Amino acid sequence: MLFNRFREYLDKQFKSVPDSKEANDFREELLSNLMSRAMELKEDKSLTEDQIYQKCIDSLGDYSEALRKLSGNPIDTLRDKRLWRDVMFALTFALISVIVYIAVSFVTKKWGLTAIIVFPSMAGIMYIFFTAKILASNTALKRHALTGLILSSYAVLITLAAFFVLAFAGSVKIGPRKAWVVFTYIPFWVSAASAITFAVFRKKKVPLIIIVFGACSFFVAAFLTASVAIGRWHPTWLIVLGAPISALIAGIFAVNKRMKASGK
Amino acid sequence: MAVNSDILRGHTDTIILRILSEGDSYGYEVAKRIIEDGEGYIDIKDATIYIAFKRMEENGLITTYWGEGVEGARRKYYKITQKGLEVYNNAVKEWKEVNRILNKLLIGGKE
C-alpha cells in the first residue's frame, strides 16, 4: 500500500533526525502531500503503483537542506532520546565488560591474558555496533562519505583478529613468524571495501583503478603467502605476474565496454 | 518544455504569496498551481516550496494551521498575513517597474 511505502521511505529519511515536534510536523506534512499527489495520479489508470510511487518521490526534490537544519542543532541532539539510549548502552556494555573480565580472571587466575582478550574484543564489538548505525544512516540518507572507510576498518579488525588466532591460538596455530602474512592482504581488503561501497551502496560502476589495485595487491599478497608457506621465494615470484595480466584484462574489458557504449 | 526552478529564483516567495492571497492552501496544491499556471514551462519541486514556506513563516509573512487529513496524515495549511500581503503588493509594484525597464532594455520598444 502506497501510504505504508511512503511512511517507510520517510522513516528512513528521518532516521538521523532527532525526535522533535518540528521534525514530526515536517514528516507529516511531507506524507500528506505525497498522499495527495498519489491519489490524483491514481486517477490515471495507465500508471502502476510503482510508477506512482516513483513520481511522487521524484516530485519532492532535494530537501536534504531542511533535514540538515532539523538535525544540525547541537542542543536538539543533546535532547534526543536516541543519543541518551546510545550513551546508556555504551555505559552498560562497559560495565558488563568489567564484570566479565573479573569473573573470567577470577576463575582462570590469568588476569593479564584475560584483559588482553576481553577488553579489545568488547571494544571491537562496540565499534562495530556504532559504525553499523552510521552505515545504516548513510544508506538512508544516500551519503557515503564514511562508508568505504568503515568497511575498510572492519577488514583491518578482522585481519588483526586473524593474525592473533593464527599466531597464538586455534587448531591451525602457525606462529607469528608466518602469520604476519595476513597483514599483506589489507590493501586488497581496502580495495574490496571501496568496490562494495561503489557497487552496493552507491549503486555506481566500480572505477577501473580500484579493480586494478585490488587485483595487483591480491597477487602480491598471494605471492608472499606462498613464499612464506614453503620458505622459498623462487619460483613463487611468478604469481606476481598475475598482477599485470589481470590489470591488462580489466583494461581491455573497460575499453571494450566504452567502445560498445559509444558505438550505440 | 519544462524548465527547472532556476527561472523562478527570486520570485518563488512572491508567487506563493500570490497563490495564498487567493485563499489558504497546502504544499501539494501550491506546487500544482505553479506547474499549471506555468503552462508547461515551469517545473518546481516540493522542496523548493517547503524552504520558501519556512522562510516566510519565520519572517511573519504567512501562518500555518492543521487541516483535515488524507488517509491518516493531516494537511498543513498556509495562510497569508497582513504583513505578507503588504510584501506581496510591494513586490508586484517593483516587478511591474523592472518588467517595464527590462522590456525597454531587451526589446528596445518605446513606451
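Residue numbers begin at 1 in each chain, while the letters A, B, ... track the order of the sequences. In this text, all values refer to a predicted model and were calculated from it rather than measured experimentally.
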K.L.:
Return yes when atom CE of Met1(A) has more than 12 non-hydrogen atoms of other residues, nucleotides or ligands closer than 6.0 Å, and no otherwise.
P.N.:
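It does: Met1(A) CE has more than 12 such atoms within range.
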
K.L.:
What part of Leu34(A) gets within 4.5 angstrom of chain B, counting heavy atoms only: side chain, backbone, both, or neither?
P.N.:
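Neither; nothing under 4.5 Å.
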
K.L.:
Scan chain A against chain B and return every donor-acceptor pair whose distance is under 3.5 Å.
P.N.:
{"residue": "Glu22(A)", "atom": "OE2", "partner": "Lys54(B)", "partner atom": "NZ", "Å": "3.3"}
{"residue": "Glu28(A)", "atom": "OE1", "partner": "Arg74(B)", "partner atom": "NH2", "Å": "3.1"}
{"residue": "Glu28(A)", "atom": "OE2", "partner": "Arg74(B)", "partner atom": "N", "Å": "2.8"}
{"residue": "Glu28(A)", "atom": "OE2", "partner": "Arg74(B)", "partner atom": "NE", "Å": "3.0"}
{"residue": "Glu29(A)", "atom": "OE1", "partner": "Tyr78(B)", "partner atom": "OH", "Å": "3.3"}
{"residue": "Glu29(A)", "atom": "OE2", "partner": "Tyr78(B)", "partner atom": "OH", "Å": "2.6"}
{"residue": "Ser32(A)", "atom": "OG", "partner": "Arg74(B)", "partner atom": "O", "Å": "3.2"}
{"residue": "Asn33(A)", "atom": "OD1", "partner": "Tyr28(B)", "partner atom": "N", "Å": "2.9"}
{"residue": "Asn33(A)", "atom": "ND2", "partner": "Tyr50(B)", "partner atom": "OH", "Å": "2.8"}
{"residue": "Ser36(A)", "atom": "OG", "partner": "Arg75(B)", "partner atom": "NE", "Å": "3.4"}
{"residue": "Ser36(A)", "atom": "OG", "partner": "Arg75(B)", "partner atom": "NH2", "Å": "3.1"}
{"residue": "Arg37(A)", "atom": "NH2", "partner": "Asp46(B)", "partner atom": "OD1", "Å": "2.7"}
{"residue": "Arg37(A)", "atom": "NH2", "partner": "Asp46(B)", "partner atom": "OD2", "Å": "3.2"}
{"residue": "Glu40(A)", "atom": "OE1", "partner": "Tyr28(B)", "partner atom": "OH", "Å": "3.4"}
{"residue": "Glu40(A)", "atom": "OE1", "partner": "Lys32(B)", "partner atom": "NZ", "Å": "3.0"}
{"residue": "Glu40(A)", "atom": "OE2", "partner": "Tyr28(B)", "partner atom": "OH", "Å": "3.1"}
{"residue": "Glu40(A)", "atom": "OE2", "partner": "Lys32(B)", "partner atom": "NZ", "Å": "3.1"}
{"residue": "Asp58(A)", "atom": "O", "partner": "Lys45(B)", "partner atom": "NZ", "Å": "3.2"}
{"residue": "Ser59(A)", "atom": "O", "partner": "Asp46(B)", "partner atom": "N", "Å": "2.9"}
{"residue": "Leu60(A)", "atom": "O", "partner": "Ala47(B)", "partner atom": "N", "Å": "2.8"}

K.L.:
What do you reckon, is CD1 of Ile209(A) surrounded by more than 12 foreign heavy atoms closer than 6.0 Å?
P.N.:
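Atom CD1 in Ile209(A) is not crowded, with 12 or fewer foreign heavy atoms closer than 6.0 Å.
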
K.L.:
How about residues 122-129 of chain A versus chain B: which residues have heavy atoms under 4.5 Å apart?
P.N.:
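Residues of residues 122-129 of chain A touching chain B at under 4.5 Å: none.
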
K.L.:
Inspect the surroundings of CZ in Phe218(A) and state if more than 12 heavy atoms from other residues, nucleotides or ligands are less than 6.0 Å away.
P.N.:
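Incorrect, the count does not exceed 12.
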
